[in-house]
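Here is the structure we will look at.
Remember, predicted model here, so these are calculated numbers, not experimental data.
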Amino acid sequence: MKAKNFFTALILAILFASSSFAEIAPVQVLQDPRFSPHIPATKLHGASLLPGRYIVAQDTPSRTGGHPIVSPTRLIVEIMPADSEGRYPFRADVHGGTKAEGYITLDLDAEAPVLTSYTRDKSGNYGVLSRVYAVVLQSDVDYAWLMGTVSDGEMAFMFPVSKINFPEGWYLGEWKCEDGTQLTFSGNKLSSNGQEIGTFTVEDDRITVTAPDGSTDTMYAMRNPTSGTLIVTFTSGPNGMGENAAAFVNMSRTPRPSAPQPPAPKPEAPKPSGPEMPTEFPPMPEVAMPSQNVNIEGVWVADYNGHQFVTQFKGSNYYGWIDGQPSEMGIIRIEGSKITGRNNHGVDFTAELELDPSGKRLDMKFPNGNTIHYQKVEQ
């Protein structure tokens, strides 16, 4: 794709999309479980969290087929602190393409927070380019922005370029994709399936590889903080596939068996002194062992902001409905009283679970301070 066309598609259609279809109404955002739980925290902290340098990620076709993967694009956006009029200057940079600049306003008084972007026209005057609904997704140590264009709801994410998301050496190691592709980043050399293919340099999420013949190619990558996988966007793929993405597992972190150790000398049995050691066990007392993890299997309902939430937890899967309409589904994992998961829209989440002794009332407490109170209606 030519740089100019790519810039137009990415900037205008994803992050700053102009309105060309029926607009998404605020009430739809308030009913969307991907956005609505995060609106209160966004209104409290969004203004202070907005400035920063971000990579932009979106759904990208999977290299191995199946559902699209949320992966980095070629776009990096830098948002400066607000000026005296509450405007945030921004610069947008598409790698190898066009650059743009302007300013953004963040409307936190709206029912659903809105980012509005402005750029300068040929006459030198600033005009509205587009609007996106935006909320902050917060964890204990990090945050990201989830955005949906007002024009058609197209989704995108902004992840801060920080030491949390991109610590030193975040790309190093041996990585393997489920299609068998293996990448090894060692020092400044990159190998694929054991064959050295060149040297590389890293800037933000951009890994640029220089082949022995001097040609270069860039892949765009980031670590998934929940799974630890390396998410990579390629500019071209097998069988003529265009831009695609893949998830790589870190093979170099797989525990290896340690070398056998000689047995330690058997200590001499201590001589008895005082009471004699028992020689056999009595029958084990009858006890009810506590469950290691909170059991939330079943169907639960909640009244949240005037809307009926129905959620079914079934094994490692969950399904959700809002006001009788399917809203999302996904996978979950429970460790103790903590639940983590990922929905079918590619959004990771975590919450603390509090189940009352009767097993009929459940509170899900999210990192942003929101709590959903559920009542069990079916096993």
* Is there any salt bridge (Lys or Arg N to Asp or Glu O under 4.0 Å) pair reaching into residues 101-127, and which pairs are they, with sequence neighbours excluded? ->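 For residues 101-127: none.
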* To do: Return each pair, listed once, that meets side-chain hydrogen bond (donor to acceptor under 3.5 Å, both in side chains) where at least one residue sits in residues 44-54; pairs must be two or more places apart or across chains.
  =>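 Non-adjacent pairs meeting side-chain hydrogen bond (donor to acceptor under 3.5 Å, both in side chains): Arg53-Glu78, Arg53-Asp204, Tyr54-Tyr143, Tyr54-Trp145.
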Between [X] and [Y], do the side chains contain an N or O donor and an N or O acceptor separated by less than 3.5 Å?
X      : Y      : value
Asn125 : Ser123 : no
Thr233 : Thr60  : no
Thr184 : Ser186 : no

* Got a sec: does the NZ of Lys176 have more than 12 other heavy atoms crowding it under 6.0 Å? ->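 Open: at most 12 neighbouring heavy atoms sit under 6.0 Å from NZ of Lys176.
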* **For Tyr126, the rest of its hydrophobic cluster, which grows through side-chain links under 4.5 angstrom** =>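 Answer for Tyr126: Tyr103, Tyr118, Val128.
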* Cluster companions of Val27 among Ile, Leu, Val, Met, Phe, Trp, Tyr (side-chain spacing under 4.5 Å) ->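 Direct or chained contacts put Val27 with none.
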Distance-only criterion, 3.5 Å: show the donor-acceptor pairs between side-chain atoms of residues 187-197 and protein atoms not counting sequence neighbours.
from, atom 1, to, atom 2, distance (Å)
Ser192, OG, Gln182, O, 3.4
Asn193, OD1, Gln182, N, 3.3
Asn193, ND2, Gly180, O, 3.0

Side-chain donor-acceptor pairs under 3.5 Å in residues 309-321, sequence neighbours left out?
from, atom 1, to, atom 2, distance (Å)
Thr311, OG1, Tyr374, OH, 3.0
Tyr318, OH, Glu328, OE1, 2.3

* To do: Please say which of Asn293, Asn295, Thr340 ends up in a side chain to side chain contact (heavy atoms under 4.5 Å, CB included) with Ile334.
  =>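 Testing Ile334 for a side chain to side chain contact (heavy atoms under 4.5 Å, CB included) against Asn293, Asn295, Thr340 leaves exactly one candidate, Asn293.
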* Sidechain N-carboxylate O distance under 4.0 Å for Arg74, Glu243 ->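 Looking at Glu243 together with Arg74, the answer is yes, because their closest N to O distance falls below 4.0 Å.
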